Structures are given as C-alpha cells and as structure tokens.
Number of protein chains: 2
Amino acid sequence: MSKSATVVALGKGERTAAKIREVALDQFSRLGFERVTMGGIAAAAEVSQATLHYHFQDKDQLWRSAMLELSAVISEEERLLSAARDAPPIAQLRMAMRLFLQISWRHPALGRIVALEGMAGGERLDWLNQHLLGPRNRRLVDLARKAMDAGDLKPFPPEMLVVTLQAGAAGVINLAPLMRSAFGIDPDTEAGRAAHEDLILNALVQGLLADRSEIPEETR
Amino acid sequence: MSKSATVVALGKGERTAAKIREVALDQFSRLGFERVTMGGIAAAAEVSQATLHYHFQDKDQLWRSAMLELSAVISEEERLLSAARDAPPIAQLRMAMRLFLQISWRHPALGRIVALEGMAGGERLDWLNQHLLGPRNRRLVDLARKAMDAGDLKPFPPEMLVVTLQAGAAGVINLAPLMRSAFGIDPDTEAGRAAHEDLILNALVQGLLADRSEIPEETR
DNA sequence: AGTTTTCCTGATTTGATACTCAAAAATCAG
DNA sequence: CTGATTTTTGAGTATCAAATCAGGAAAACT
C-alpha cells in the first residue's frame, strides 16, 4: 500500500470502486434494491461482475457504500442551514423546507431512495435513518416544534412535517413516472422544476385555495 | 358449465380464485411486485403454487386481476361524488380531495400500489392508468381547472393537484414504515388517522403557517 | 350412481441471479 | 527491469422463483 501522504492520485482500485458506487447509486435510486442486478451494475460500470464482489463483498454492502455517496449532500444542507442558526425558528424552518425541496430536485437519488425504502421498511430503511437521515430529520422536527411553541405554526405532530415534506418532494420527483404515464407531463425540465417547487412549498405553507374559507366537513 | 341464471352461489373455482386475488392484492400492495413470490401467495392462500397458474396464467395476470379488485373502491368514490354534481367546482373539488384521502386510508392498498408503481414506472403503471385510475385522475384535473377558471384556486398546472394529493396520501399511508423507523410513530391507529387526514388536507388547502406572510426567497 | 367437467397438486423444468475461486493481467516499488 | 502486490476476470456453483404438465381428486350434472 502507498505510504505517501494524504494527497494522492487515486489508485486504480479506488477509481473503479468510485465508478461502481456511482453507477450503483444511480441504479438503486431509479429502480430500487430488488430490481437492480449485480450484472446490470457491472455492465454499466464496464467491469466484470466479480469485480463488484472484490471491492464490495455483497450486494448489501455495495448498496450501503453507494448510499454513503449521499452524505456530502446532507452535509452541504447542514452547512447552508447553520448559517442561519440565529434567525427565528420559523424563518429557519422555511429555509430548511426550501432547502429540502431544492436538494430533492438537485439530487433526485436521495429523495427517490428515501421514498422507495420508506415504503418498503426493513433493515435498509433503519440503516438509512441511522447513518444518513437521522440528524436531518431530528433538526427539522426540532425546528417545527420551536416554531409551534412560538405560535408561528399550526399545532400538529411535528414529525408529520418531515413526512409531509418528504411526500411533497416525492410527489414531483419520485412520482415523475406517474406524471408521465397519467398526464403525459415531463417534470424533468428546468421550467417544470421551478414551478413545481413553488407549488409544493406554496401548498405546504399557504395552501392552494385562493380564498380562505374552511374545509367542508360534510363528507366525514 | 352451469346454465342457471345470474344469482348463483360461487362455484369452488371462483371461490379459491377470489381468495387468491385477495391475498395477492394484500401482498402486492405491501411488498411491491418484485418482492412478492408465487410461493408466498400460494402459502397464504393455502393452495399449491400450480393452482395460481391454473386460475391466472402467470404472475402478471394475477397482478392485474388483483388490481381489478380495487375497481369497486373507485366506483364507490365516483358514486359519492356524482351526488354533488351540481355544486360549484370548488366545492366538488374539496369533496373530491377529502374523499380521495379518506379512501386512501380505508383502502391503503390502493394508495400504496399507486405510489409503488408510480415510482417504478413501466408497463404496470400504464396499465393502472388505463384500467383503474384514468377516469378518476381526469375528473380531478377537470375539477381543478374549472375551479381555477372560476378564480377559486391559485393558478398552477392542474395535473399537479392529483400528484400532490397522491403524494400527501403517500406521506402518511405509504411512508408509514418511514414514520415508524424514523420517529417511532405508528400512524396505523384510528386517532392517528383522523389527525393525519386533517393535517394533509389543511396543508394542501390552507397551508401550515399560522400567519399569512410570504415565503422567503433568499435561498433560491 | 355414473359420467363428465372442473379443479388442484407434486414433481420437474427453465431461467435468472448472487456469489466463489483459481488464475491471468495490470500496477507499483525498488 | 523484476518481483511482489493489487486488481480483474472467466468459468462455474448454488439458490431461488416462475412456469409447465400429466395425473388424480373433487364437484357438478343427468
């Protein structure tokens, strides 16, 4: 092993491993764990299947390694948000929500992974919460609770905010195939993206109705 | 073949086929197409695997037959809504949205299926849109457009309403495992259900903020 | 009851996929 | 350049799930 110090050109091994992780992340996020095959990843990464097992023992470990590629995304979100540490909770929350949505768009893999595994449940979801999503979720819940205490947010279980937010992101990111199939609309355009971000945020924050009347109860 | 008229006790065959469809719908909605095995369905339905292939040729056809079990749910929604045919579009839309959410709760399979396949895309999603969801989606879009024309709804692509609504339902139904894993909250209780329905509907219709100030733009 | 038809099953085939391993090829240190 | 080390691979194994089929059980019919 090379003993030269921290800044080194990546060795051959680490370069192919990185390529594999990249391909794997893409496929896992678009197809979900089960529909991805080692063969498919190997082909897309232009290596043999055995190489996958050399660098990452098995499919599960490859999945985890691929997920960790997303750590940087979460960290960046954290960094941007910490700049507003001293703002009132409601302002931080708004910023956090917008950041959440923006990041969901810029890195669709993250949102898709959470939605896919969030529906399936199981060990992989637990792993995600423990290694990737935990701090982010706790921070959002915490902000929501503080904003609620300050009277700036309607009272509801603050954990719901995160799920609702995730679901809102899912609506336009993860359900893109649904939009295409059902309505022939392609949300993967820059114009579409901006419009949809505003729509979701507007919906969550201000609602969609032009007037302010109450929701009818007659159908309960 | 029995020639006796319309009202007959179901023959043995149709009874087991119904049992199989029921089990299949449950498993498909909870696990998604790939994670469900014919063996698993057979075991749960207490028949042999070969019986599945006798009644439904292959896994795809079984899936479709199971999905058609949900037609009744959609029809019931249609029936309830058509009673309000003469109300103003915005009132119909509100009713439709509440119905949509209520039905998502009462029949979680429907919402889960749409979310699961809506993320995956592909032939099964197209089939769902064509055979199950098409009319419902078109009706919602139509109502949204009319409400918009009447000035009762903020302007946005009306198709987004359906996806947003679906996503809202997904947030509490489909992402139940996420809620459990991330927050230790179980949304599968009657109290939880009612609270969540109100939350989503409030969010979509009126927004979550207690005040009415604008969304900040600084993070754009 | 006897006969025909429908229904169900065990055993098997076929196909796909994760994973292993010995050996070849590429890379690197001195 | 040379030998040691890392990396890659082709070929193969084991496992699991879908689909088939011929024969037998059950149901329906007369």
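Chain letters run A, B, ... following the sequence lines, proteins first and then strands; every chain starts at 1. Note: hydrogens, waters and symmetry copies are ignored here, and every other heavy atom, side chains too, is used. No experiment lies behind these values; they were computed from the predicted model shown.
- To the nearest angstrom, P of dT17(C) lies 17 Å from CG of Asp60(A).
- Axis angle between the ends of the helix from dA1(C)-dT30(D) to dG30(C)-dC1(D), five pairs each and rounded to 10 degrees, works out to 20°.
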Would you be so kind as to tabulate the donor-acceptor pairs closer than 3.5 Å made by side chains of residues 65-72 of chain B, with sequence neighbours excluded?
from, atom 1, to, atom 2, distance (Å)
Ser65(B), OG, Gln61(B), O, 3.0
Glu69(B), OE2, Arg21(B), NE, 2.9
Ser71(B), OG, Leu68(B), O, 3.0

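- Residues forming a side chain to side chain donor-acceptor pair (under 3.5 Å) with Gln92(A) (at least two apart in sequence, or on another chain): none.
- Considering only the side chain of Thr51(B), dT9(C) comes nearest among dT9(C), dG10(D), dC7(C).
- Per the geometry, CG belonging to Leu52(B) stands 13 Å off P belonging to dG10(C), to the nearest Å.
- Taking His53(A) as the reference, nothing meets the side chain to side chain donor-acceptor pair (under 3.5 Å) condition, with sequence neighbours excluded.
- What separates OH of Tyr54(B) from P of dA26(D) is a distance of 16 Å, to the nearest Å.
- For the pair Arg35(A) CZ and dT17(C) P, the computed distance is 13 Å after rounding to whole Å.
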Tabulate atom names and distances for all N/O pairs under 3.5 angstrom spanning the protein and nucleotides 15-18 of chain D.
from, atom 1, to, atom 2, distance (Å)
dA18(D), OP1, Val36(B), O, 3.4
dA18(D), OP1, Met38(B), N, 3.4
dA18(D), OP1, Lys59(B), NZ, 3.2
dA18(D), OP2, Met38(B), N, 2.8

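- The side-chain contact (heavy atoms from CB on, under 4.5 Å) search around Thr37(B) returns none, not counting sequence neighbours.
- Rounding to whole angstrom units, NZ of residue Lys19(B) and P of dC7(C) are separated by 17 Å.
- Applying the side chain to side chain donor-acceptor pair (under 3.5 Å) criterion to Glu78(A), with sequence neighbours excluded, gives Arg139(A).
- Atom pair Glu46(B):CD and dC8(C):P shows a separation of 13 Å (rounding to whole Å applied).
- Atom CD in Glu14(A) sits roughly 15 Å away from atom P in dT6(D) (whole-Å rounding).
- Under the side chain to side chain donor-acceptor pair (under 3.5 Å) criterion, Asp58(B) pairs with no residue, sequence neighbours left out.
- Judged as a side-chain contact (heavy atoms from CB on, under 4.5 Å), and not counting sequence neighbours, the contacts of Phe33(B) are Phe28(B), Lys59(B), Asp60(B), Trp63(B), Glu117(B), Arg124(B).
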